[in-house]
Enquirer: 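Sharing a structure, written as structure tokens. Questions coming.
Order of appearance sets the numbers: ligands from 1, and atoms from 1 within every ligand. Note that the structure is a prediction, hence the values are computed from the model and not measured.
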Amino acid sequence: MENQKQKQPIYEGKAKQVYTTENPNELLVYYKDDATAFNGVKRGTIMNKGVLNNKISSFFFELLTRKGIPNHFVHRVSDREMRVKALKIIQVEVVVRNIAAGSLAKRIGWEEGRKLPTTVLEMYYKNDELNDPLINDYHIKAMGLASEDEITRMSEYALKINQILTGYLKEKNLELIDFKLEFGLHNGQVLLGDEISPDTCRFWDSVTKEKLDKDRFRRDLGNVEEAYYEILYRLTGEKA
Ligand code: UDP
């Protein structure tokens, strides 16, 4: 653990803990092995998930930094810890979809795996009590969750991130089905925050269409840890 003295817990979520650091502009994120699905109704542990998601997220943030996407990542501190810029989180989850799956497949009655002819961008209100309802730009503005400018920024970044990740993952024989992003404000600037991992993305093997993400946990498909390891391996060549 980095610098115990200045490290005070300020927030604990389903998969991560957040601590203060000696620098008021920076926080320390600790990745846990706890797994939840269906808004906390299903709970469990995925062995070493914290380590794997920390490494996978760090890898993606470094890639996005190189591609010019402003984000909260400072550096990876240890197996389970990442140092980030402190954000005031915008209470909106931004979902990008390339292929129908999960809640969209259900909502519009398309079979899972059917390609969406155009990319779909969705916004959800980040509120567990309400079950994260689907909302649009008008709701976001009316509710004061974000300004028009901030919505534009989040949407542009989300679509750019989709292009970068889709292209990158294709080379690794992975299809990016959909993913969720969170953004926050740091000195008035919109930055990408949270994590990018098999917890927040759907990854399918391009050839076999095998699911290599949290759907293995959500749907009791088995080999959950193995799928997370496989993603880290394909991205970095790292075995553990
Ligand atoms: N997602 C997420 N957190 C949420 C809801 C969704 O990370 O609270 C991710 C999920 O992993 C998937 C994408 O967002 O990659 C779209 O999820 P969907 O709306 O299909 O919901 P789900 O079927 O996962 O409930």
Enquirer: Only one of Asp199, Asp194, Asp34 forms a side-chain hydrogen bond (donor to acceptor under 3.5 Å, both in side chains) with Lys16, so which one is it?
Expert: Asp194
Enquirer: Check whether more than 12 heavy atoms from other residues, nucleotides or ligands sit under 6.0 Å from atom CD of Glu148, and answer yes or no.
Expert: no
Enquirer: Within a radius of less than 6.0 Å around CZ of Arg234, do more than 12 heavy atoms belonging to other residues, nucleotides or ligands occur?
Expert: yes
Enquirer: Side chains of Asp132 and Asn39: donor-acceptor distance under 3.5 Å anywhere?
Expert: no
Enquirer: Applying ring pair (Phe, Tyr, Trp, His ring centres under 6.0 Å), can you list everything that pairs with Phe59, at least two apart in sequence or on another chain?
Expert: Tyr168
Enquirer: Which protein residues have a heavy atom closer than 4.0 Å to any atom of ligand 1, listed by chain and number?
Expert: Glu93, Val95, Arg97, Ala101, Gly102, Ser103, Tyr124, Asp132, Asp178, Phe179, Lys180, Asp199, Thr200, Cys201, Arg202, Arg218
Enquirer: May I ask you to check whether over 12 heavy atoms, not counting those of Met143, lie within 6.0 Å of atom CE?
Expert: yes
